[in-house]
Chemist: 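Dropping the structure in here first, questions after.
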Amino acid sequence: MLWLADFFSIFLLPKFTMASYHFNTIEKNWQKFWAENQTFKAENNSKLPKYYVLDMFPYPSGAGLHVGHPLGYIASDIVSRYKRHNGFNVLHPMGYDAFGLPAEQYAIQTGQHPAITTEENIKRYREQLDNIGFSFDWSREVRTTNPDYYRWTQWIFLQLFNAWYNKQSDKAEPISELIKTFETIGNKGIQAACEETVLFDAAQWKAYSEKEQQKILLNYRLAFLSETMVNWCPELGTVLANDEVKDGVSERGGYLVERKLMTQWSLRISAYAERLLQGLDTLDWTDSIKEAQRNWIGKSEGTSLRFLLTSPLAPLQGRGERISAIEKQGDDEDLWFVTADKKIYARLKEFALENRKNQTFSEDIIWQNIRDRQVENVKFRRQHIIDRFIADFVSFELKLIIEIDGLIHSLEENKISDEIRTGILNDHGFAIIRFTNEEVNADLEGVLSRLRDIIKKTKSTSSSPREKGVGDEVNPHIEVFTTRPDTIFGVSFLTLAPEHELVAQITTQDCKAAVDAYVTASKNRSERERMADVKTISGQFTGAYAVHPFTGAPIPIWIGDYVLAGYGTGAVMAVPAHDSRDYAFAKHFNLPIPQVVEGGNIELESYDAKEGQLINSDFLNGMEVKVAVKKAIEKIEAEGLGQGKTNYRLRNAVFGRQRYWGEPIPIYYKDEIPFAVDEQDLDQIILPAVDKFLPTETGEPPLARAANWSYKGYPLETTTMPGWAGSSWYYLRYMDPRNTKEFVSKEAVDYWQNIDLYIGGSEHAVGHLLYARFWCKFLKDIGKVPFEEPFKKLVNQGMIQGISCLVHRVNNENKFVSEGLKSKYETTPIHIDVNLVTNNIVDIEKLRAWRPAEFKDAEYVLEDGKLICQAEVGKMSKRWHNVVNPDDICQQYGADTLRMYEMFLGPLQDAKPWSTQGIEGVHRFLKKAWRLFHNNPTEDFEISEEVATKAELKILHKTIKKATEDIEHFSFNTSVSAFMVCVNELQDLKCNKRSILEPFLILLSPYAPHICEELWKLCGHADSIEKASWPSFNADYLIENEFYYPISFNGKVRFNLNFALDMDLKEVEVQVIANEQTQQYLEGKTPKKVIVVKGRIVNVVV
RNA sequence: GCCCAGAUGGUGGAAUCGGUAGACACGCAGGACUUAAAAUCCUGUGGCUUCACGGCUGUGCGGGUUCAAGUCCCGCUCUGGGUACCA
């Protein structure tokens, strides 16, 4: 009979009792249970407080998940479960960001529709995610590629298309309102974030054709078409955003990227630069991510400053339109160049000419009476462009503008825009006098006499010796932007970007050939070359000089490609003593380097620091830099030389790609003008079938291949949205994922609000996170969401790196040597599959089987009977054979072990290499925890109803405290160790009491939910442990009445003594001194001082 | 160059307020149980030194503050990440 008993105990019992920890079965059962019972379904109408935990949703790649992917998901899952235990209604969803290049590249190669590839990949991702036991509410899954989803991405695009940014109210407003304003007063005085635009009044607006009107509106829309320099990647056939380009090659694939001028959809993110910057201060994000965004936005405060040229501009060549009707009228048009905002000069000029031809009756009367110096010998010009406005009549001598207003100016709303206009003109130093049509018509003499009075008064007061400012100079100027106006007296030359518009006109005859050659050369240099070659200093002297605004000294004007045309004004005032780039330039070309701030050694390098006293600087002498900056700006503004100004580096975002696998842009073209598709028709604008996923023969995007790609008989836009479109708002869709009426209902977004915790990789620091913030602010402006920032708290999980394993093959032999012996041979390292290796020891039999051709018949030179390989840390990638699939870990150790081990590896935020060294320890811990609930020899489930002892309660409450605090601080690694300590201590006490073990299970369940559910059920609970409340911490159990004090001498701990904690500190001191050991360490000396810190330490100072 | 983060045993890491450095785990060494293996359990484990008790030393480097420094201050070195002719 003994034989039979042995048979059962060895072969049958382990399989049929609940004795040991069968994680595979347990985990599958509970995953099924959660799915069937919808345990983690979040309710939209709940009385509970909400908590929204979001992971950055993945792009489902063909390679599937590796062990690095779930790291953040595990952390967010722990927080979600913790919050549910604490009575929160938790929204913890998951979805897929599935538009993207890999599926599309695969489609081009194989002809398989990317939707099919995507579907397969998603299926695999879902299986892998399910294996890990996440508490996602899968009923809310979203996919950016699903037409039910992307119709709302398209809808948001339409909202952007139908909005403009009003700088006065500092928010986006409907374009329909703007059109109403145009219809009543035109665009004068409107402060918009917009492209260059002409000025017009209501009558002119109404006179425009629809096409002209739409063209103008496009300049205002937040989603707009424009000719822009884009990063074109010919290999990928698409345009890339700045943050998708690294060192001149594409981030994905590493293909060469070139600069190219293209008509592109763009989003006016630059309008939000300041709000995106300010908002950062309100966020609980890491400093490094906030800094990255600040750098990207690149705000710099400084001042614009005009340098007059010493000689007039060379006549422009090849500009026939200058010989026009206006010159015949004898007006000196060159002046316009000085006073007009040169960016919009050409457009304004048309208006001015138009105005002259069609003067109103009253304007004409005034002109006839003031022309040819009829009044007080003052010369007036008519319809002159100043800044962005057209003045009716102007005298530069007196800096006086006369405006004849029609009825329209008396309208209430127009008064405001007139005020702005007046303000800007006043800034330029002009006074404005207004007469109405009625006044002129009714009482011409009265008007003229008032005019005479004003002129006389102005003449007597405007006897300023220095006649500076716009309008007075016949010679043109160069405007620079500087953040260091304090160093104005250190300027020794100006540098213009080679592309600067004045280069051709200022260059003297002798310098022309060299300058032209230089300009051509830098034009042909690719972006890549320019970046690769930042150390070579190059430039050319133009032969022209500018005048120093304060000293009047001539300043040579150079061109150099270290100055970028696209930033600031494309021109810099070079202060070589205090700017390293100017310094290098000056050294190279032997230009003077005058020092104006004390400090550094100018012989060796520039002194760029913003501290020190000003020297050699006239009115700034002796001031600290910070004071001098303020003073300099004051002076520059007072003298009309420039204004304080803020620049941002943030560029508008390109929003189109010449690709198939993206959201179609819901725009159709009528007479080449873009129009929005009606919102209710968006369900028609779904990705059409195409024969190939390649551009057409004529180079049009793949959508052009689709039959009937049209709307209302007009052609539809053929470019698609970029990868970041769908991810910029997905967090809102999770709140109300199946809504067919709206992108999200007001009730849902009002309840869930913004995300309490967002977890994802830091690689999205500027791309996704900035775009999503931009869209959120826009949606707030148009009243669709109640908050301004989408992600309150952001945690970046560190990357899990792979360890690749290298074996050493002896050169020219089929022989491999162990790591320690490789120095004896000439060897080549070869990557082998990391799964063949345990603790750097290669399983040779597995290796032979892995690639028989290479390893089966090879000879192996071992050390201590083992083949040791070399380990290297790097990215986890198929290429290095070091990808570890979480499925394998779940199979071998269970999901609970995987979850706890990933948390145990180290701080969530740190990058760390994946290694299975140590996973055994976590697995052993779970087995130990399991055994606490089971009888030792029989292995039956058994817990005791006995009352817990003080020691047991202390262990429990210490753990409650630690686990709670650690989750709040995202310190998951230390809470895992706290659980281990707890189990070790309970095991030592042989504690199996329900009152201790049940609360412990709840603490552990966010980390290891499957095993906890199983044990919870065995404890006799019918419901999921998920429904249990988090145990409350009672500090009373931790109170100690004595403490084992370390006794130290001069800071060195020598021994310990036990004292009651409520003992008087003086008494402790007395007892310590009296102690025999103390006397030994004192060696007869008297202690100088004894420090007793209650419950901490005793230090005796000898 | 600039910005941010970091550097602790053979390894991953802990020390949350300036108060016993190295928790927890891996690995390693030794032991128990076993015919054996697996599993499990026990002991030890920063370095140097000592038969031992113990002593000295020790948190990247050099200084400083303090009764007391991994922790605070000053100056460096190195590593990781971001960013760049942005005036």
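Residue numbers start from 1 in every chain, and the chains themselves are labelled A, B, ... in the order their sequence lines are given, proteins ahead of strands. Fair warning: this is a prediction, and the values are worked out from it, not measured in the lab.
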Chemist: Where the side chain of Val1053(A) is defined as all heavy atoms beyond and including C-beta, which of U20(B), C24(B), C86(B) is the nearest nucleotide?
Modeler: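 Comparing U20(B), C24(B), C86(B) against the side chain of Val1053(A), the answer is U20(B).
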Chemist: From C-beta outward on Tyr562(A), which listed nucleotide comes closest to its side chain: U16(B), C24(B), C85(B)?
Modeler: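 The nucleotide sitting nearest to the side chain is C85(B).
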Chemist: When you measure from the side-chain N and O atoms of Arg1096(A) to the phosphate of A68(B), is any distance below 4.0 Å, counting only OP1 and OP2?
Modeler: no
Chemist: Under 4.0 Å from OP1 or OP2 of A39(B): is there any side-chain N or O of Lys927(A) that close?
Modeler: no
Chemist: Can you tell me how far C1' in C74(B) sits from the matching atom in G10(B), rounded to whole Å?
Modeler: 35 Å
Chemist: By the definition side-chain contact (heavy atoms from CB on, under 4.5 Å), identify the one residue from Lys958(A), Glu965(A), Lys961(A), Lys962(A) that meets it with Phe1033(A).
Modeler: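 Checked Lys958(A), Glu965(A), Lys961(A), Lys962(A) against Phe1033(A); only one passes side-chain contact (heavy atoms from CB on, under 4.5 Å): Lys961(A).
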Chemist: If the P atom of U77(B) is compared with that of C61(B), how far apart are they to the nearest Å?
Modeler: 15 Å
Chemist: Which atom pair, heavy atoms only, marks the closest approach of Ile559(A) to Thr495(A)?
Modeler: C-CG2, 3.9 Å
Chemist: What integer number of Å spans the C1' atoms of G9(B) and A21(B)?
Modeler: 11 Å
Chemist: Taking 4.0 Å as the cut-off, does a side-chain nitrogen or oxygen of Ser300(A) come that near to OP1 or OP2 on A87(B)?
Modeler: yes
Chemist: Pick base, sugar-phosphate or nothing for Arg924(A), based on heavy-atom distances below 4.0 Å to the nucleic acid.
Modeler: sugar-phosphate
Chemist: Just checking Tyr1081(A): base, sugar-phosphate only, or nothing, at a heavy-atom cut-off of under 4.0 Å?
Modeler: sugar-phosphate
Chemist: Say we look at U71(B) and U8(B): how far apart would their C1' atoms be, to the nearest angstrom?
Modeler: 12 Å
Chemist: Decide, for G9(B), between syn and anti: a glycosidic angle within 90° of 0 counts as syn, anything else as anti.
Modeler: syn
Chemist: For a stem of at least 3 consecutive Watson-Crick or G-U pairs with distances under 3.5 Å, i pairing with j, i+1 with j-1 and so on, which stems involve RNA chain B?
Modeler: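 Consecutive-pair runs (3 or more) involving RNA chain B: B:1-7 with B:77-83, B:10-12 with B:24-26, B:27-32 with B:40-45, B:46-49 with B:54-57, B:60-64 with B:72-76.
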Chemist: Tell me whether the side-chain N/O atoms of Lys1052(A) come closer than 4.0 Å to OP1 or OP2 in U57(B).
Modeler: yes
Chemist: Let me know, please, whether Val1101(A) or Gly918(A) comes out on the 5' side of the other along RNA chain B by nearest nucleotide.
Modeler: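 With Val1101(A) and Gly918(A) compared, the 5'-side residue is Gly918(A).
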Chemist: Taking atom C1' in both U20(B) and G70(B), what distance in whole Å separates the two?
Modeler: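 Nearest-Å result for U20(B) against G70(B) at atom C1': 14 Å.
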Chemist: From the set C24(B), A39(B), A25(B), return the single nucleotide nearest to any side-chain atom of Lys928(A).
Modeler: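 The answer is A25(B).
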Chemist: Given C26(B), C24(B), G13(B), identify the nucleotide with an atom nearest to the side chain of Met980(A).
Modeler: C24(B)
Chemist: For a quick test of reading the model, state the closest non-hydrogen atom pair linking Val1102(A) to Asn1050(A) and the distance between them.
Modeler: N-OD1, 3.1 Å
Chemist: Determine the interatomic distance between P on U35(B) and the same-named atom on C28(B); round to the nearest Å.
Modeler: 26 Å
Chemist: Is the closest basic N to carboxylate O distance between Arg581(A) and Asp579(A) below 4.0 Å?
Modeler: yes
Chemist: Calculate the interatomic distance between Ile800(A) atom CD1 and G13(B) atom P; express it in whole Å.
Modeler: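 Computing the Ile800(A):CD1 to G13(B):P distance gives 11 Å.
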Chemist: Short question: side chain of Tyr583(A), backbone of Ile602(A) - any donor-acceptor pair under 3.5 Å?
Modeler: yes
Chemist: Atom CG of Leu908(A) to atom P of U16(B): distance rounded to whole Å?
Modeler: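 These atoms are roughly 19 Å apart.
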Chemist: Considering non-hydrogen atoms only, spot the tightest contact between Cys991(A) and Leu932(A) and give its length.
Modeler: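 Result for this residue pair: O-CD2, 3.8 Å.
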Chemist: Under a 90° cut-off about 0 for the syn range, is C74(B) syn or anti?
Modeler: anti
Chemist: What closest approach, in Å, do Tyr562(A) and Ala574(A) show between heavy atoms, and which atom pair accounts for it?
Modeler: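 Nearest heavy atoms, Tyr562(A) then Ala574(A): OH-CB, 4.3 Å.
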Chemist: Given C4(B), C41(B), G12(B), which nucleotide is nearest the side-chain atoms of Arg931(A)?
Modeler: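 Shortest atom-to-atom distance from the side chain points to C41(B).
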Chemist: Counting only side-chain heavy atoms from C-beta out, which of C4(B), C85(B), G19(B) sits nearest to Ser288(A)?
Modeler: C4(B)
Chemist: Can you tell which of G19(B), U20(B), G12(B) lies closest to the side chain of Phe904(A)?
Modeler: G12(B)
Chemist: Between the side chains of Glu1040(A) and Lys954(A), is the shortest nitrogen-to-carboxylate-oxygen separation below 4.0 Å, so that they form an ion pair?
Modeler: yes
Chemist: Mind checking Leu905(A) for me? I need base, sugar-phosphate or nothing, with any heavy atom below 4.0 Å counting as a touch.
Modeler: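 Leu905(A): backbone/sugar contact only, no base atoms under 4.0 Å.
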Chemist: Side chain of His22(A), backbone of Asn24(A): donor and acceptor closer than 3.5 Å?
Modeler: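 Side chain of His22(A) to backbone of Asn24(A), a donor-acceptor pair under 3.5 Å: no, none is there.
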Chemist: When you measure only distances, ignoring hydrogens and angles, does the side chain of Lys962(A) come within 3.5 Å of the base of U16(B) through a donor and an acceptor?
Modeler: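 Side chain to base: pair found, below 3.5 Å.
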Chemist: Hey, does Asn973(A) reach any base, or is it just sugar-phosphate, or nothing, if we go heavy atoms under 4.0 Å?
Modeler: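 Here Asn973(A) touches the backbone only, sparing every base.
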Chemist: Starting at atom CG of Asn1050(A), determine the distance to atom P of C56(B), rounded to an integer number of angstrom.
Modeler: 12 Å
Chemist: Start with the C-alpha gap between His923(A) and Tyr893(A), add the side-chain angles, then the distance that decides, and say whether ring-ring contact (aromatic ring centres under 6.0 Å, His included) holds.
Modeler: CA-CA 7 Å; His923(A) 190 62; Tyr893(A) 297 102; 5.4 Å; yes
Chemist: Starting at CG of Leu496(A) and ending at P of C85(B), how long is that distance when rounded to a whole Å?
Modeler: 19 Å
Chemist: For Trp930(A) and U40(B), what is the distance between atoms CH2 and C1' respectively, to the nearest whole Å?
Modeler: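 Nearest whole value for this atom pair: 17 Å.
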Chemist: Less than 4.0 angstrom between a side-chain N/O of Arg294(A) and OP1 or OP2 of C86(B), yes or no?
Modeler: no
Chemist: Counting N and O atoms only, with roles assigned by atom type, does the side chain of Asn935(A) sit under 3.5 Å from a partner on the main chain of Asp940(A), one being a donor and the other an acceptor?
Modeler: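 No.
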Chemist: Any N/O pairs under 3.5 Å between the protein and nucleotides 45-47 of chain B? List them or say none.
Modeler:
none

Chemist: By nearest atom, which of the nucleotides A15(B), C24(B), C26(B) is closest to the Thr974(A) side chain?
Modeler: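 Selected nucleotide: A15(B).
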Chemist: For the side chain of Tyr567(A), counting heavy atoms from C-beta on, which of U16(B), G19(B), A87(B) is nearest?
Modeler: A87(B)
Chemist: Work out how far the C1' atom of A14(B) is from that of A23(B), and round it to whole angstrom.
Modeler: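 Going atom to atom, C1' in each nucleotide, I get 5 Å.
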Chemist: When the distance from CG of Leu564(A) to P of A87(B) is rounded to whole Å, what number comes out?
Modeler: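 Roughly 10 Å, once rounded to whole Å.
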Chemist: Compare the minimum distances between each of C24(B), C67(B), C86(B) and the side chain of Ser977(A), then state the nucleotide with the smallest one.
Modeler: C24(B)
Chemist: Where each residue is assigned the nucleotide of RNA chain B containing its nearest heavy atom, which of Ala292(A) and Phe481(A) is assigned the position nearer the 5′ end?
Modeler: Ala292(A)
